[in-house]
2 protein chains.
Amino acid sequence: MISKAMEDYLKTIYKLEREGRGEPVGTGALAEALAVSAPSATGMLKKLAELHLVEHNPRRGVTLTPAGEKVALEVVRHHRLLESYLKEALGYDWDAVHEEADRLEHLVSDELEARMDAALGYPTVDPHGDPIPTREGVMPAAASRPLATLAGGESGLIGRVSDADPAKLRYLAGLGLFPGVALTVLETLPFNGPLRVRVGHDPGAPEHLLGRELAADIFMRAEDPAGASG
Amino acid sequence: MISKAMEDYLKTIYKLEREGRGEPVGTGALAEALAVSAPSATGMLKKLAELHLVEHNPRRGVTLTPAGEKVALEVVRHHRLLESYLKEALGYDWDAVHEEADRLEHLVSDELEARMDAALGYPTVDPHGDPIPTREGVMPAAASRPLATLAGGESGLIGRVSDADPAKLRYLAGLGLFPGVALTVLETLPFNGPLRVRVGHDPGAPEHLLGRELAADIFMRAEDPAGASG
DNA sequence: CCCTGAGTTTAGCCTATCCTAACGAAGTAT
DNA sequence: ATACTTCGTTAGGATAGGCTAAACTCAGGG
């Protein structure tokens with residue numbers, strides 16, 4: 001049986017693999033991300049390796065096997081469908097959905113998953129712009145171009161905002177910055193200085209200053225001539 | 001901390017107290033209802049007693065304390081709100097909601113509870129006609145008159161149908177029998193024989209034969225001249 | 001070539017919950 | 001009154017997960 005704890009490990013390994021550009025995930029990084037001690041992580045990795053859900057090269061790191069990745073993607077799918085459902089159907093604020101979804105994601109049955117999916121009209125991204133894996137376990141591409149890489153004058157649509165910090169999400173929402181919104185970078189100040197951005201293209205639209213930490217949470221996608229999915 | 005397991009024990013003790021007309025609940029009955037061994041129940045009762053959530057008179061039985069009853073009612077409220085929400089908002093069949101709600105009931109936050117409650121328009125009964133405890137921990141009266149106590153010719157509204165057996169619920173729904181439906185008992189056959197019932201009062205309405213086991217799951221309330229809550 | 005330090009693993013233990021087997025108490029029947 | 005039967009409790013142990021302390025590995029500096 002795959003327990004809730006195992007699902008959490010697999011999900012987190014998946015996330016760290018994504019962030020880490022392919023290298024195996026270290027025990028320490030995993031333990032920290034899960035807020036457990038390193039020995040606890042080692043112990044669980046052994047169990048997961050026995051179930052062929054991860055490949056564990058002692059002292060070198062872990063990688064998900066295809067089976068493990070499938071489980072991870074199911075959990076991520078449940079998480080993101082829940083986030084979407086809580087926001088769209090129950091009126092949650094976008095900064096509040098992550099925590100709630102984390103608690104519920106391990107208990108979503110196939111039936112509930114299917115009904116939420118249908119009620120939402122088969123969404124492809126969650127409220128933060130993160131792509132929702134398909135039922136078959138395919139993760140669509142995510143918006144991955146950091147806002148700070150846009151040159152002055154360049155513009156695009158906000159594709160995704162990291163869901164890690166509710167306070168940042170509230171702040172950004174207060175500025176009108178969330179996925180789907182058009183953004184123009186007016187100026188990128190040197191020495192890791194702030195970005196001057198304009199919401200939309202219109203010269204009269206509101207402008208804001210974003211520090212680098214905040215900007216790092218925002219990922220852009222190309223402006224879409226034929227306004228597509230929501 | 002009150003664990004999920006503890007909540008399950010408290011909920012079950014509450015249910016058995018209700019069914020058992022006030023006598024303390026026996027360890028064996030509790031263990032059986034929870035599908036655990038008697039020693040497991042004894043052990044948990046000790047812990048619950050230490051937390052002052054139950055009063056455990058060894059070898060005599062358990063009773064909920066007011067604090068324990070409060071916890072039990074919260075769990076029941078979550079369960080019944082979930083059942084209602086799954087049916088009304090997500091289109092679940094009424095025989096499928098119980099199992100799903102059992103899994104989710106321990107993870108419902110105050111926020112989620114409030115939002116489901118509001119989305120449903122502050123319902124007072126769940127899809128089986130069971131009353132939903134208030135946020136303050138008050139359990140409204142349930143329809144408690146067994147169908148079989150109606151004399152021939154007497155009629156009333158179905159107030160509640162026991163949610164224990166999905167197969168029975170499906171069968172009854174197939175006959176058009178669920179809470180709120182008017183029912184007339186045409187005849188009660190002797191020696192625990194079946195009941196002849198008519199759906200509604202109209203002489204042309206469909207009639208059915210219900211065995212005693214099935215009839216025992218149905219509880220009636222008085223016909224309400226001014227059609228009230230739904 | 002050894003030493004040191006970062007990071008990982010092993011060893012040993014804790015808590016929660018469950019189990020089976022054996023014991024004890026309380027009521028029933030002779 | 002004594003023995004049987006039923007039910008609950010104690011005793012002892014398993015499993016899942018987590019923790020701290022100590023040992024190990026390996027890469028890089030001396």
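Convention: sequence-line order gives letters A, B, ...; per-chain numbering from 1.
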Residues A:R103 and A:E99 bridged, charged N to O under 4.0 Å: no
For B:R77, the option from B:D130, B:D117, B:D126 that meets salt bridge (charged side-chain N to carboxylate O under 4.0 Å, His left out): B:D117
Relative orientation of the end axes in the helix from C:dC1-D:dG30 to C:dT30-D:dA1, expressed as an angle to the nearest 10° (five pairs per end): 30°
Pairs touching residues 139-149 of chain A that satisfy salt bridge (charged side-chain N to carboxylate O under 4.0 Å, His left out), sequence neighbours left out: A:R145-A:E154
A:E113 atom CD, over 12 foreign heavy atoms within 6.0 Å: yes
Outermost nucleotides of DNA chain D that come under 4.0 Å of a non-hydrogen atom of chain A: D:dA16 to D:dT25
By side-chain hydrogen bond (donor to acceptor under 3.5 Å, both in side chains) - contacts of A:S109 (at least two apart): B:E100
CG (A:N57) with more than 12 external heavy atoms under 6.0 Å: yes
Where A:D163 and A:L169 come nearest, the two heavy atoms and their spacing: CA-CD1, 4.1 Å
Give me the distances for all protein-to-nucleotides 16-18 of chain C N/O pairs that come in under 3.5 Å?
{"from": "C:dT17", "atom 1": "OP1", "to": "B:S3", "atom 2": "OG", "distance (Å)": "2.4"}
{"from": "C:dT17", "atom 1": "OP2", "to": "B:K47", "atom 2": "NZ", "distance (Å)": "3.4"}
{"from": "C:dC18", "atom 1": "OP2", "to": "B:Y9", "atom 2": "OH", "distance (Å)": "3.1"}

Ionic contact status for A:R135 with A:E74, cut-off 4.0 Å: no
Distance flag, aromatic centroids of B:H79 and B:H98, threshold under 6.0 Å: yes
Contact state string [nucleotides 2-15 of chain C, B base, S sugar-phosphate only, - no protein heavy atom under 4.0 Å]: -----BBBB-----
